[in-house]
**Q** 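Provided herewith is a single structure, encoded as structure tokens, for subsequent inquiry.
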Amino acid sequence: MDQIERIRKRQLSIALGVGIPYFAFVIGIFLLVYLGGAWVTGTSILGFPLHYWLVAIAIYPITWALFIWYVGKANEIEDEIAETVETGETPEPMDAMEAREGA
């Protein structure tokens, strides 16, 4: 049960570390489009207005990149815990894991 709690805490810290700035970024884009009105709609990139790029095009690759990174990181954490349980080693304290990851 201790291993499950460690997995949950580490994954939650990673999710919040990525999720909160990502959410602020998305809200910031919408605020820029809303508050920047004429400037944003007047700017064109490759024939598309800037607000199309920000709200409809750019957000998806950023979302997928973060999603792929997070899933890979979460799987690494689970594999590390599973390896520890299989070998019967004493798990590292939470502080040692965070220091090793650079958190």
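This is a predicted model, so every value here is computed, not measured. Computation of the quantities below employed the complete heavy-atom set of this structure, encompassing side-chain atoms and omitting hydrogens, waters and symmetry-equivalent molecules.
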**Q** Cluster question for you: counting only ILVMFWY and a side-chain heavy-atom cut-off of under 4.5 Å, with indirect links fine, are W39 and F30 together?
**A**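 Yes, it is one cluster - the side chains of W39 and F30 are joined through contacts under 4.5 Å.
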**Q** Could you state the interatomic distance from OH (Y34) to CD1 (I27), rounded to the nearest 0.5 Å?
**A**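 So the gap between those two atoms works out to 14.0 Å.
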**Q** Could you give the side-chain donor-acceptor pairs of residues 55-65 under 3.5 Å, partners two or more places apart or in another chain?
**A**
| unit_1 | atom_1 | unit_2 | atom_2 | d |
| --- | --- | --- | --- | --- |
| T63 | OG1 | Y22 | OH | 2.3 |
| T63 | OG1 | I59 | O | 2.7 |

**Q** Rounded to the nearest 0.5 Å, how far does OG1 of T43 lie from NE2 of H51?
**A**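 These two atoms lie 10.5 Å from each other.
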**Q** Rounded to the nearest 0.5 Å, what separation is found between the CH2 atom of W69 and the CD1 atom of I14?
**A**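 Answer for the CH2-CD1 pair, W69 versus I14, is 5.5 Å.
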**Q** Out of curiosity, does F67 fall in the hydrophobic cluster containing F23 (side-chain heavy atoms, cut-off under 4.5 Å, transitive links)?
**A**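 In one cluster with F23: F67, no.
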**Q** I need the I77 CD1 to R8 CZ distance, nearest 0.5 Å.
**A**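 So the gap between those two atoms works out to 13.5 Å.
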**Q** Got W53 and I45 here, is their nearest side-chain heavy-atom distance under 4.5 Å?
**A**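 Counting from C-beta outward, W53 and I45 do come under 4.5 Å.
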**Q** With sequence neighbours excluded, what pairs up with E76 under the side chain to side chain donor-acceptor pair (under 3.5 Å) test?
**A**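 Per chain and number, E76 pairs via side chain to side chain donor-acceptor pair (under 3.5 Å) with no residue.
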**Q** Examine I20 and L66 and state if one hydrophobic cluster contains both, with Ile, Leu, Val, Met, Phe, Trp and Tyr joined whenever side-chain heavy atoms are less than 4.5 Å apart.
**A**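 No; tracing contacts between hydrophobic side chains, which count when under 4.5 Å, never links both residues.
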